[in-house]
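Have a look at the structure below, then the notes.
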Amino acid sequence: MAIYEALLKHYGPQGWWPVAGSYHPGDYGVPKNEEEAFEIIVGAVLTQNTAWTSVERALENLRRIEALNPCKILALSWDVLKSAIRPAGFFNQKAIYLREVALLFAGLKGRTPSRKELMSVKGVGNETADSILLYAYKRPEFVIDAYTKRIATALGLAARGAGYMELKDLFESNLPRDVALYQEYHALLVEHAKRFYSGKARESSGAFVDFLRDLSY
DNA sequence: AGCCAGGCTACCG
DNA sequence: CGGTAGCATGGC
């Protein structure tokens with residue numbers, strides 16, 4: 001919580017997840033309907049190992065052909081679907097993944113899927129499942145991504161070889177079970193990591209020092 | 001030019 | 001099982 005407070009004070013509310021092309025700082029009511037929830041799910045798949053700026057283009061392409069809903073995704077030809085998501089990379093795999101999640105979503109009829117259910121979908125692993133549950137369904141599942149792992153290991157909170165569930169457990173067992181907190185915390189970790197733990201700066205001692213300085217504010 | 005990006009699956013030993 | 005090649009485009 002001390003780390004969270006320091007990050008929040010320093011960076012302010014981040015407003016993940018971006019929906020309809022923009023962020024929504026401080027608004028934890030997003031998504032406000034099924035369409036927005038599905039857009040988050042599509043974004044969660046498209047952003048796998050991919051910069052969000054590239055995902056935005058793919059989402060915009062899908063929006064333009066009115067394909068940001070499960071039925072349309074399932075109805076599109078492979079060629080059209082692939083060319084729409086092309087900017088987000090890995091389009092052959094991701095086209096398959098999108099159809100898989102569209103099929104699941106359509107079958108839910110508004111029900112919230114279990115974590116196990118999501119994980120059984122091809123293309124949905126730990127992080128994607130948690131992102132979907134936390135941001136699309138407002139469930140208290142802490143999301144661990146590469147940035148979060150870098151920060152946690154750099155701070156000595158976790159071993160270098162720590163697995164996904166281990167890290168998830170670390171955060172969840174030390175925080176109140178609160179959706180808004182989980183959403184904001186993850187967003188703040190990403191923002192901080194982008195500044196100090198990405199590219200050549202990753203795991204540098206300078207990043208660690210900068211973090212401590214932020215903490216002391 | 002070459003490394004990196006908000007991972008996952010399949011396959012290797 | 002733990003570890004990793006392959007997947008593809010765009011930004012810097």
Side-chain angles (χ1 to χ4, degrees), chain A residues 7 11 13-19 21-25 30-31 39-62 78-104 113 115-136 141-154 158-168 171 182-204 207:
Chain A
L7 289 172
Y11 294 113
Q14 298 301 299
W16 266 26
W17 188 282
V19 171
S22 63
Y23 289 83
H24 40 85
V30 176
E39 179 181 332
I40 290 172
I41 292 171
V42 171
V45 169
L46 292 178
T47 198
Q48 290 170 2
N49 201 44
T50 302
W52 185 257
T53 50
S54 299
V55 177
E56 283 277 81
R57 281 205 201 86
L59 284 175
E60 190 46 47
N61 289 341
L62 289 171
W78 286 113
D79 274 359
V80 172
L81 179 56
K82 286 178 183 178
S83 64
I85 65 173
R86 185 184 177 85
F90 305 124
F91 53 80
N92 287 303
Q93 309 188 53
K94 286 176 179 175
I96 296 170
Y97 297 170
L98 287 183
R99 278 205 188 178
E100 296 284 327
V101 294
L103 202 53
L104 172 73
R115 191 172 193 278
K116 185 182 293 184
E117 212 170 356
L118 283 167
M119 292 281 291
S120 73
V121 175
K122 178 184 286 214
V124 178
N126 281 309
E127 185 189 336
T128 307
D130 285 334
S131 295
I132 289 172
L133 287 168
L134 180 62
Y135 290 104
E141 304 284 350
F142 203 90
V143 177
I144 304 297
D145 61 5
Y147 289 143
T148 306
K149 183 168 183 176
R150 278 179 214 164
I151 291 181
T153 55
R160 193 120 17 220
Y164 186 95
M165 294 310 287
E166 199 177 334
L167 285 156
K168 179 177 162 76
F171 282 91
Y182 283 14
Q183 290 191 354
E184 195 58 64
Y185 203 160
H186 179 237
L188 288 164
L189 286 169
V190 172
E191 176 57 30
H192 184 68
K194 277 182 174 173
R195 300 184 184 221
F196 298 110
Y197 294 86
S198 57
K200 53 180 173 49
R202 72 170 59 184
E203 297 190 34
S204 73

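Residue numbers begin at 1 in each chain, while the letters A, B, ... track the order of the sequences.
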Next on the checklist: Main chain of Tyr97(A), side chain of Lys122(A): is a donor-acceptor contact present, judged purely on distance under 3.5 Å?
Outcome noted: no
Checklist entry - Counting distance only, does the side-chain N/O of Glu184(A) pair as donor-acceptor with the main-chain N or O of Gln14(A) below 3.5 Å? => result yes
Tell me: [atom1] of [X] to [atom2] of [N], nearest whole Å?
X         : N       : atom1 : atom2 : result
Tyr197(A) : dC4(B)  : OH    : P     : 17 Å
Lys194(A) : dC12(C) : NZ    : P     : 12 Å
Glu56(A)  : dA5(B)  : CD    : P     : 19 Å
Leu46(A)  : dA5(B)  : CG    : C1'   : 14 Å
Lys149(A) : dG7(B)  : NZ    : P     : 12 Å
Lys122(A) : dT9(B)  : NZ    : P     : 8 Å
Tyr164(A) : dC1(C)  : OH    : C1'   : 21 Å
Glu127(A) : dG7(B)  : CD    : P     : 5 Å

Collect all protein-nucleotide pairs involving nucleotides 2-7 of chain C in which both atoms are nitrogen or oxygen and the distance is under 3.5 Å.
unit_1	atom_1	unit_2	atom_2	d
dC7(C)	O2	Gln93(A)	NE2	2.6

Next on the checklist: With a 6.0 Å cut-off on the ring centroids, do Phe196(A) and His192(A) count as close?
Outcome noted: yes
Checklist outcome for this item: pair_partner(dT9(C)), Watson-Crick or wobble, both distances < 3.5 Å, evaluates to dA5(B)
Next on the checklist: With rounding to the nearest 0.5 angstrom, report the CD1 to CG distance, Ile144(A) to Leu167(A).
Outcome noted: 5.0 Å
Checklist outcome for this item: Closest to the 5' end of DNA chain C, once Thr53(A) and Thr50(A) are matched to their nearest nucleotides, is Thr50(A)
Could you tell me whether [X] contacts a base, only the sugar-phosphate backbone, or nothing, with contacts defined as non-hydrogen atoms closer than 4.0 Å?
X         : value
Lys94(A)  : nothing
Ala193(A) : nothing
Val55(A)  : nothing

Item to check | Among Leu118(A), Val124(A), Val101(A), side chain to side chain contact (heavy atoms under 4.5 Å, CB included) partner for Ile41(A) | outcome: Val101(A)
For nucleotides [N] and [M], find the distance between their [atom1] atoms and express it as a whole number of Å.
N       : M       : atom1 : result
dT9(B)  : dG10(C) : P     : 24 Å
dA1(B)  : dC7(C)  : P     : 24 Å
dC11(B) : dA8(C)  : P     : 15 Å

Item to check | Test applied, side chain to side chain donor-acceptor pair (under 3.5 Å); reference residue, Tyr164(A); option that passes from Asp145(A), Asn126(A), Asp130(A) | outcome: Asp130(A)
Next on the checklist: Counting only side-chain nitrogens and oxygens, does Arg57(A) get under 4.0 Å of the OP1 or OP2 atom of dG11(C)?
Outcome noted: yes
Next on the checklist: Over 60° means perpendicular and under 30° means parallel, so tell me whether Phe171(A) and Tyr185(A) are parallel, tilted or perpendicular.
Outcome noted: perpendicular
Quick one: which protein N/O atoms are closer than 3.5 Å to N/O atoms of nucleotides 11-13 of chain B? Pair and distance per line, please.
none

Item to check | Worked check of side-chain contact (heavy atoms from CB on, under 4.5 Å) between Trp52(A) and Leu46(A) | outcome: CA-CA 9 Å; Trp52(A) 185 257; Leu46(A) 292 178; over 6 Å; no
Checklist outcome for this item: Taking for Val190(A) and for Gly123(A) the nucleotide of DNA chain B with the nearest heavy atom, the one nearer the 5' end belongs to Val190(A)
Item to check | Residue pairs, two or more places apart or on separate chains, that pass salt bridge (Lys or Arg N to Asp or Glu O under 4.0 Å) and touch residues 78-91 of chain A | outcome: none
Checklist entry - Where do Tyr147(A) and Tyr197(A) land on the ring pair (Phe, Tyr, Trp, His ring centres under 6.0 Å) test, with the steps shown first? => result CA-CA 7 Å; Tyr147(A) 289 143; Tyr197(A) 294 86; 9.0 Å; no
